[in-house]
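Heads up, the thing below is written out as structure tokens.
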Amino acid sequence: MKEMTGAVIFDMDGVIFDTERLYIECCKAVADKYNMGDDAKVEALCYRCIGLTNVMTRRNILDTYGEDFPIDDYCRDSSRIFAERFGDGKHMIKPGVHEIFAWLKQEGYRIALASSTRTDVLSGELDRAGLLQNFDVIVGGDQVTRSKPEPDIFLRAAELLEVRPEECIVIEDSFNGIRAASAAGMRPIMVPDLLEPDDEIRGKAEVVLDSLLDVIEYLEK
């Protein structure tokens with residue numbers, strides 16, 4: 001397969017970093033202060049926000065708790081706790097990350113990151129974790145008009161990598177990420193994090209694998 005493919009595009013949260021699970025813990029840690037209900041309600045809200053932009057996430061929170069909910073204070077508190085616990089990023093790196101980067105470089109793949117988060121935030125988080133040097137291209141949500149599930153962010157990454165969409169593998173954990181990669185005409189590989197794929201997502205993904213180490217094994221075939 002590697003002779004057919006010029007690049008691999010990664011999502012960040014849930015693929016490279018174990019941020020989704022850890023951020024849910026932080027959201028639950030401040031929930032009582034904001035009268036958000038029990039852990040199950042907060043966790044269900046967080047699951048609905050996986051793969052969404054910040055704007056869409058904020059909309060989900062306000063739809064759940066009302067327009068007068070102090071969303072800025074809540075987001076600031078949960079983000080502060082997250083930074084205190086996991087700020088250096090090195091404790092969030094998912095299994096197989098270092099191995100897959102080394103293997104992709106060895107095999108001559110170009111590597112990009114495409115995430116709905118702002119580009120400067122992506123670069124900062126990757127730099128703190130010691131991973132920034134692995135990427136040829138970083139595309140944040142501020143570089144495109146339409147977010148996932150639209151294909152724009154992946155098409156922009158392919159453009160910057162100077163490869164055709166069909167030469168790109170996309171590694172994603174979110175439903176909207178798989179939808180976007182499929183719409184871009186790329187090869188979506190799903191490595192589920194918190195959400196297991198349904199029939200729609202299995203139909204759009206080339207394959208669903210358990211880990212990044214399994215991705216290496218799959219691409220070696």
Side-chain angles (χ1 to χ4, degrees), residues 11-89 91-92 94 113-126 128 139-154 156 172-183 190-202 204:
D11 182 36
M12 187 174 76
D13 294 325
V15 174
I16 293 173
F17 292 137
D18 195 14
T19 42
E20 292 173 346
R21 179 181 61 83
L22 299 177
Y23 199 78
I24 288 174
E25 291 180 12
C26 297
C27 289
K28 290 192 291 189
V30 299
D32 284 346
K33 178 179 178 180
Y34 294 97
N35 301 311
M36 297 176 70
D38 60 20
D39 283 353
K41 182 176 181 179
V42 177
E43 189 167 304
L45 171 64
C46 292
Y47 271 69
R48 292 198 300 273
C49 295
I50 291 174
L52 301 183
T53 64
N54 287 337
V55 171
M56 296 167 71
T57 296
R58 289 171 69 91
R59 184 70 262 158
N60 265 275
I61 295 172
L62 293 176
D63 286 346
T64 301
Y65 293 105
E67 296 296 328
D68 59 346
F69 181 78
I71 190 167
D72 291 329
D73 292 339
Y74 168 68
C75 291
R76 186 162 45 247
D77 277 352
S78 53
S79 295
R80 174 181 52 79
I81 291 176
F82 187 88
E84 289 171 355
R85 295 181 180 180
F86 314 110
D88 65 359
H91 300 296
M92 302 189 302
K94 298 199 75 171
L113 186 82
S115 169
S116 299
T117 304
R118 290 197 329 269
T119 306
D120 61 328
V121 175
L122 296 173
S123 297
E125 291 186 7
L126 292 168
R128 284 190 293 276
V139 183
D142 53 308
Q143 296 187 43
V144 294
T145 302
R146 301 186 303 172
S147 301
K148 303 171 189 178
E150 301 299 333
D152 303 34
I153 197 164
F154 291 132
R156 175 61 175 161
E172 268 280 2
D173 71 301
S174 75
F175 286 23
N176 278 344
I178 294 297
R179 292 178 182 121
S182 176
M190 187 177 195
V191 180
D193 183 31
L194 298 179
L195 297 178
E196 289 297 323
D198 58 16
D199 289 343
E200 176 212 349
I201 298 304
R202 286 188 180 277
K204 292 183 181 298

Those residues that, when tested against E67, pass side chain to side chain donor-acceptor pair (under 3.5 Å) (two or more places apart):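 E67 satisfies side chain to side chain donor-acceptor pair (under 3.5 Å) with R59 only.
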
What residues, two or more places apart in sequence or in another chain, satisfy side chain to side chain donor-acceptor pair (under 3.5 Å) together with S182?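 Partners of S182 under the side chain to side chain donor-acceptor pair (under 3.5 Å) test: none.
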
Run the side chain to side chain contact (heavy atoms under 4.5 Å, CB included) test against [X] and tell me which residues pass, sequence neighbours left out.
{"X": "K28", "answer": "I24, D39, V42, E43"}
{"X": "V121", "answer": "T117, R118, E125"}
{"X": "P197", "answer": "M190, P192, I201, R202, V208"}
{"X": "T119", "answer": "S123, I138, D142, Q143"}

Treating Y65 as the side-chain partner and M36 as the backbone partner, does any N or O pair qualify as donor plus acceptor under 3.5 Å?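 Pair found, side chain donor or acceptor close to backbone of M36.
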
Look only at the side chain of K94 and the backbone of G14, and say whether a donor-acceptor pair between them is shorter than 3.5 Å.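 Present.
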
With R179, the salt bridge (Lys or Arg N to Asp or Glu O under 4.0 Å) member among E200, E150, E172: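 Looking at E200, E150, E172, the match for R179 under the salt bridge (Lys or Arg N to Asp or Glu O under 4.0 Å) is E200.
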
Start with the C-alpha gap between Y23 and D13, add the side-chain angles, then the distance that decides, and say whether side-chain hydrogen bond (donor to acceptor under 3.5 Å, both in side chains) holds. CA-CA 10 Å; Y23 199 78; D13 294 325; over 6 Å; no

Does atom CG of D199 have more than 12 heavy-atom neighbours, drawn from other residues, nucleotides or ligands, at distances under 6.0 Å?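 Atom CG in D199 is not crowded, with 12 or fewer foreign heavy atoms closer than 6.0 Å.
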
Neighbour count >12 (heavy atoms, 6.0 Å) for atom CG, N60: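 More than 12 heavy atoms, drawn from other residues, nucleotides or ligands, come within 6.0 Å of this atom.
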
